[in-house]
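Report on the structure given below.
Numbers here are sequence positions counted from 1. Note that the structure is predicted; figures quoted are calculated from it, not measured.
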Amino acid sequence: MILNNIRLFLKIAEKGSMVAAGRELGLSATTVSERLASLEAHYGVVLFNRTTRSISLTEEGRTLVEGAKRVLGEVDDLDARIRHGADTLSGVIRVSAPVDLGRSIVSGVITQFTQQHPAISIELSLSDGYVDMVGEGFDIALRFGAVTDSTLRARSLGQYRRIVCAAPSYLKTHGTPLAPADLATHNCLVMRFGGNLDNIWRFGPDKKPQIITVRGNMLVNDGSLVREWALAGRGIILKSELDVAQDLKSGALIPLLTNYAAAPNPLQMMFPPGRAQPQRVRALAEAVKLAMKKHEMDQTGAEPQ
């Protein structure tokens, strides 16, 4: 019973709502409340701060989330090995990835992985903003840039530059910027990453870095949409080379300010805190890593840095 109550607790933490957790698990509000109270009585602590409008994890609750995911993952792995054999992977994996990367590469990995392991279910959440891996219950998250949460474990998937580019039609009408300062007179299509506005663009060379604040008439939190706007000639964008490699190769987008390229950003695959990962998560992480290597070799003939 304690494991079932812990599973319910994790679902409440994931959904941020006792009602939503109960609805997904087919439990009444009374049952959810009683089982959570039983779990809190078992540990002798309060796991959620509750108000009439919201709930949030206490420090003890966050500790339980971190440990419970690891323990339940091991229990599920053991159950799968006993039921289906040691070589069979099963269970649910929750993955977060940037929109463009999720559509172009990660979705293909998931398709192939689930075909190879039919007992696996994968939930892919596409977002260009910050995600709370522990609070939202993700097993794997892919993000560009340095890891700011020191409690997360991370594996580098390579270094990739962000490229300033625009469609030939935009450049024909508005001209081509020759230096970063010229962007002040151009329509730059800006991304929003969660609560952060990506309107401060950094340029090299490394010994003389330049920081330019750009402006434009269109703002969006979807990397795929900002790319579509650029392809339609609506303005200049700053995107990872992973997202626009094919557009640059075909000539649909033209790279700009290449002599002022900034240092590349790392692409990180992150995991929640904990010593052990379920076998299914390790297997999917390895599949993502191999797919990134193959993609890089297909594009350049060399492995990621």
Side-chain angles (χ1 to χ4, degrees), residues 96-104 126-133 141-150 152 154 156-167 169-171 173-245 247-248 252-270 304-305:
S96 172
V99 176
D100 276 346
L101 185 65
R103 290 176 176 173
S104 63
L126 300 182
S127 170
D128 289 311
Y130 167 81
V131 295
D132 179 355
M133 289 200 68
L142 278 69
R143 285 295 182 274
F144 289 101
V147 178
T148 56
D149 186 342
S150 61
L152 299 177
S156 175
L157 295 176
Q159 300 276 339
Y160 299 94
R161 292 189 181 277
R162 300 184 75 193
I163 296 176
V164 179
C165 52
S169 59
Y170 175 87
L171 300 175
T173 302
H174 301 280
T176 300
L178 300 178
D182 294 343
L183 294 174
T185 61
H186 285 270
N187 192 46
C188 297
L189 308 176
V190 176
M191 279 282 299
R192 182 182 291 280
F193 298 110
N196 298 319
L197 193 63
D198 186 35
N199 66 334
I200 299 176
W201 294 3
R202 290 171 171 79
F203 297 88
D206 294 339
K207 294 182 179 180
K208 296 182 63 177
Q210 300 182 58
I211 299 176
I212 305 296
T213 300
V214 301
R215 295 176 178 80
N217 62 358
M218 300 170 78
L219 169 69
V220 70
N221 64 346
D222 184 321
S224 181
L225 184 53
V226 82
R227 171 177 161 269
E228 290 180 16
W229 287 344
L231 289 169
R234 303 300 299 273
I236 296 174
I237 61 172
L238 177 64
K239 290 285 289 178
S240 168
E241 60 184 288
L242 279 172
D243 300 334
V244 295
D247 301 321
L248 298 175
L253 292 176
I254 305 299
L256 306 171
L257 306 174
T258 54
N259 292 335
Y260 299 91
N265 281 329
L267 174 62
Q268 309 271 17
M269 180 161 49
M270 299 181 294
Q305 299 178 6

Please round to the nearest 0.5 Å and tell me the distance separating atom NZ of K239 and atom SG of C165.
9.0 Å
Just to verify, what does R234 make a salt bridge (charged side-chain N to carboxylate O under 4.0 Å, His left out) with, not counting sequence neighbours?
none
Please tell me if the side chains of V190 and L197 come closer than 4.5 Å, counting only heavy atoms from C-beta onward.
yes
Quick one: does any side-chain atom of D100 pair with a main-chain N or O of S224 as donor and acceptor, under 3.5 Å?
yes
Close side-chain approach of L101 to L267, heavy-atom, < 4.5 Å:
yes
Set of residues satisfying side chain to side chain contact (heavy atoms under 4.5 Å, CB included) with respect to A252, sequence neighbours excluded:
L231, D247, S250
Would you indicate whether the side-chain heavy atoms of V220 and R192 approach each other to under 4.5 Å?
no
Any non-hydrogen side-chain atom of N221 less than 4.5 Å from a side-chain atom of D128?
no
Measuring from I254:CD1 to T258:OG1, what's the distance to the nearest 0.5 Å?
11.5 Å
Distance col, row Q210:CD vs Y260:OH, nearest 0.5 angstrom, shows 6.5 Å
Do M270 and V131 come within less than 4.5 Å of each other through their side chains, counting heavy atoms only?
no
Which atom pair, heavy atoms only, marks the closest approach of V99 to G223?
CB-N, 4.3 Å
Under 4.5 Å between any side-chain heavy atoms of S127 and R143, yes or no?
yes
Which heavy atom in N187 sits nearest to a heavy atom in Y170, and how many Å separate them?
N-OH, 3.0 Å
Interatomic distance, CG@L178 vs CG@N259, rounded to 0.5 Å, equals 10.5 Å
Do the side chains of F203 and L183 get nearer than 4.5 Å, heavy atoms only?
yes
Rounded to the nearest 0.5 Å, the CG atom of L253 sits from the CG atom of D243 at a distance of 11.0 Å
Minimum heavy-atom separation for S169 to G233, with atom names?
OG-CA, 3.5 Å
Looking at A166 and G235, what are the two nearest heavy atoms and their distance?
CB-O, 3.9 Å
Rounded at 0.5 Å granularity, tell me how far CD1 in I163 sits from CG in L256.
10.0 Å
For P177 and L257, work out which heavy atoms get closest and say how close.
O-CD2, 3.5 Å
Kindly say whether A262 contributes a backbone atom to a donor-acceptor pair with the side chain of R161 at under 3.5 angstrom?
yes
What's the shortest heavy-atom distance between Q268 and A154, and which atoms?
OE1-CB, 3.9 Å
